[in-house]
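Have a look at the structure below before the remarks.
None of these values were measured; they are calculated from a predicted model. Proteins get letters first, then strands, A, B, ... in listed order; numbering begins at 1 in each.
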2 protein chains.
Amino acid sequence: MGLFLSTFVNRVDKKGRVSVPATFRATLSQQTFQGIIAYRSFTAACMEGCGMDFMERLSDSTQNFDAFSAEQEDLSALIFADARQLAWDPEGRIVLPEDVMAHAGITEAAAFVGKGQTFQIWEPEAYKAVEAEIRARALKLRPTLPLKKPASGDGK
Amino acid sequence: MGLFLSTFVNRVDKKGRVSVPATFRATLSQQTFQGIIAYRSFTAACMEGCGMDFMERLSDSTQNFDAFSAEQEDLSALIFADARQLAWDPEGRIVLPEDVMAHAGITEAAAFVGKGQTFQIWEPEAYKAVEAEIRARALKLRPTLPLKKPASGDGK
DNA sequence: CTCGATACCATTGACGCCCATGTTTACCCA
DNA sequence: TGGGTAAACATGGGCGTCAATGGTATCGAG
């Protein structure tokens, strides 16, 4: 399974177009929908991004009523309502809608930030500030990452 | 499963290329992604290095929401955002990005330091200093390493 | 007919691939 | 056991391809 890794800053032209990083496109290449899904973050001034399969998994999760609280169901409903399908053109660019750019404060450039299964889209300077903040806190608290054991069997 | 062992110092050419030690490549040879993943250490002036499977394990771990605190989630998110996929060329070299070399202070050479499951990339002189420090501390404290029992069954 | 959206085309600059070379290590044979 | 040979690895440079980016044309809707 492909992951969204690293951070890429790409220019936004006057038509609102921006290139989706090639590596992100590669991870999404096997999906039914040739593009990305984007919705406004609840907690930060950025967009959340993912592929269609992630949306389907979210949908599946909400089917298990007992697995999800009422709050979580509200949240996922909000996500579905706000999600936009942004197809990319033959050159791999998407067009950022007005309100998306407004929500994230994006003007001239957009930062695609890998989050593993998903990614985020930020105004580059805003992300730098947030990142520095988290990094400083991480340095102070020194949390440790509990890792699962490698998949049993072979190391393939 | 292969381990990253020993320390290798290789030259960095003017294009920023450096050979990944052959033994490290062998350790990573069975991975889906032919290259290394590198991200900036939070605590030291070096890069942390690993293979794609390590990232996937991290991703799997973050799926267990209850197992993760907010701080840990921040940290793993930071790793994903900072992780760079550095594929090697047919000769086994990777290109070190500008900011990577800046963070680690690397100019003419890079030291690949085995850490077992992972490895680190240092500016050679900087690592020598840190190593001497750790060695001196180890001599004084005489820490002991608790060993797990060997896995029953196969030793694979 | 006008405006907006999307496909098409062109440019450039970085990155990956190819070939060539030196140097060390490992191996084979005398 | 020693020398010679061959393979593998580390290193350097040149070139082609692809991704990112900016502009133009075309199609459709209002």
Task: Verify same cluster id: Ile37(A), Ile121(A) (apolar side-chain graph, 4.5 Å) - done: no
Open item on the list: From CD of Gln34(A) over to C1' of dA7(C), roughly how many Å is that when rounded to an integer?
Closed with: 16 Å
Between the protein and nucleotides 11-17 of chain D, list the N/O to N/O atom pairs that are separated by less than 3.5 angstrom.
unit_1  : atom_1 : unit_2   : atom_2 : d
dT11(D) : OP1    : Arg11(B) : N      : 3.1
dT11(D) : OP2    : Arg11(B) : N      : 3.2
dG12(D) : OP1    : Arg11(B) : NE     : 2.9
dG12(D) : N7     : Arg93(B) : NH1    : 2.8
dG12(D) : O6     : Arg93(B) : NH2    : 3.1
dG13(D) : OP1    : Lys14(B) : NZ     : 3.2
dG13(D) : OP2    : Lys14(B) : NZ     : 3.2
dG13(D) : N7     : Arg17(B) : NH2    : 2.8
dG13(D) : O6     : Arg17(B) : NH1    : 2.9
dG14(D) : O6     : Lys15(B) : NZ     : 2.5

- [ ] For Phe24(B) and dC9(D), give me the distance from atom CZ to atom P, rounded to whole Å.
- [x] 14 Å
Task: Rounded distance in Å - CD (Glu108(A)) to P (dT21(D)) - done: 13 Å
Open item on the list: Using heavy-atom distances to pick each residue's nearest nucleotide on DNA chain D, tell me which of Arg25(B) and Arg25(A) is more 5'.
Closed with: Arg25(B)
Task: Interatomic distance where CD belongs to Gln85(B) and P belongs to dC15(C) [whole Å] - done: 14 Å
Task: Gln117(A) side chain to Arg57(A) side chain, donor-acceptor N/O pair below 3.5 angstrom - done: yes
Open item on the list: Donor-acceptor pair, distance only, cut-off 3.5 Å: does the side chain of Asp74(B) make one with the backbone of Ile134(A)?
Closed with: no
- [ ] Is it possible for you to say whether Phe119(A) and Val9(A) belong to one hydrophobic cluster, with membership spreading through side-chain heavy-atom contacts below 4.5 Å?
- [x] no
Task: Residue Glu133(A) excluded, over 12 heavy atoms near CD under 6.0 Å - done: no
- [ ] Mind running salt bridge (charged side-chain N to carboxylate O under 4.0 Å, His left out) on Glu98(B) and Lys15(B) for me, showing each step along the way?
- [x] CA-CA 10 Å; Glu98(B) 295 277 341; Lys15(B) 288 161 98 175; over 6 Å; no
TODO: Report the distance from atom CZ of Phe8(B) to atom C1' of dT24(C), rounded to the nearest whole Å.
DONE: 14 Å
Task: Any donor-acceptor pair under 3.5 Å from Thr7(A) side chain to Ala81(B) backbone - done: yes
Open item on the list: Rounded to whole Å, please give me the gap between CH2 in Trp88(B) and P in dC17(C).
Closed with: 13 Å
Task: Close side-chain approach of Arg84(B) and Leu5(A), heavy atoms under 4.5 Å - done: no
Open item on the list: Whole angstroms only, please: what is the CG-C1' distance between Leu86(A) and dT6(C)?
Closed with: 14 Å
Open item on the list: Using C1' atoms of five pairs at each end, report the bend of the helix from dC1(C)-dG30(D) to dA30(C)-dT1(D) rounded to 10 degrees.
Closed with: 40°
- [ ] Sequence neighbours left out, what passes ring pair (Phe, Tyr, Trp, His ring centres under 6.0 Å) with Phe112(A)? Give chain and number order.
- [x] none
